[in-house]
Amino acid sequence: MSFLIIIILTLILAIFNGFKILGLVNSLFLSSLFVFCFSLLLFLFSDGAFSIMGHSFRRFHYMTAPKRLKETMEDDELYTNKEIKIRQLKYPITMPLLVTSSVTLVIALLLSFFL
């Protein structure tokens with residue numbers, strides 16, 4: 001399924017680049033690069049990297065807030081909770097997208113080198 005996504009994106013980009021061999025290789029590289037970046041972001045999001053950053057920003061905002069604002073935030077559990085709740089939701093498509101897009105990136109680079 002992940003290979004099908006890359007092929008569909010390649011064909012859509014090939015419409016704009018032209019159906020010459022170099023245009024197809026460029027389209028393959030761009031589509032696999034886009035899917036690779038998307039899968040890396042999905043990987044970071046599923047491991048909880050952004051939840052730790054959000055927690056630290058909330059704690060920093062609570063510590064630097066003026067006294068009158070702290071009084072209103074004392075009842076809010078987001079600001080006063082000292083435990084970090086790390087998101088551990090794994091997406092099943094993340095690893096196939098990473099592997100497929102990295103393989104097609106290497107193939108596109110090798111094709112562009114030999115053309």
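When reading the values below, keep in mind they use all heavy atoms of this one structure, side chains included, and skip hydrogens, waters and symmetry mates.
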* **Nearest-0.5 Å distance, CD1 of residue Ile5 to OG1 of residue Thr100** => 9.0 Å
* Asked: Measuring from Leu42:CG to Ile93:CD1, what's the distance to the nearest 0.5 Å?
  -> 8.5 Å
Single-linkage hydrophobic cluster [X]~[Y], side-chain heavy atoms < 4.5 angstrom:
X      : Y      : value
Leu4   : Ile12  : yes
Leu109 : Leu40  : yes
Met95  : Leu105 : yes
Ile107 : Leu115 : yes
Phe113 : Leu111 : no

Smallest separation among heavy atoms of [X] and [Y], with atom names:
X      : Y      : value
Ser31  : Ile6   : OG-O, 3.6 Å
Phe3   : Thr104 : CE1-CG2, 4.0 Å
Ser27  : Thr10  : CB-O, 3.5 Å
Ser39  : Thr94  : O-CG2, 3.8 Å
Ser101 : Ser32  : CB-O, 3.5 Å

Report yes if the side chains of [X] and [Y] come closer than 4.5 Å at any heavy-atom pair, otherwise no.
X      : Y     : result
Ser102 : Phe36 : yes
Phe29  : Val25 : no
Leu13  : Leu28 : no

* Return the set of residues passing side chain to side chain contact (heavy atoms under 4.5 Å, CB included) with Leu24 (not counting sequence neighbours), or none when no residue passes. => Ala14, Phe19
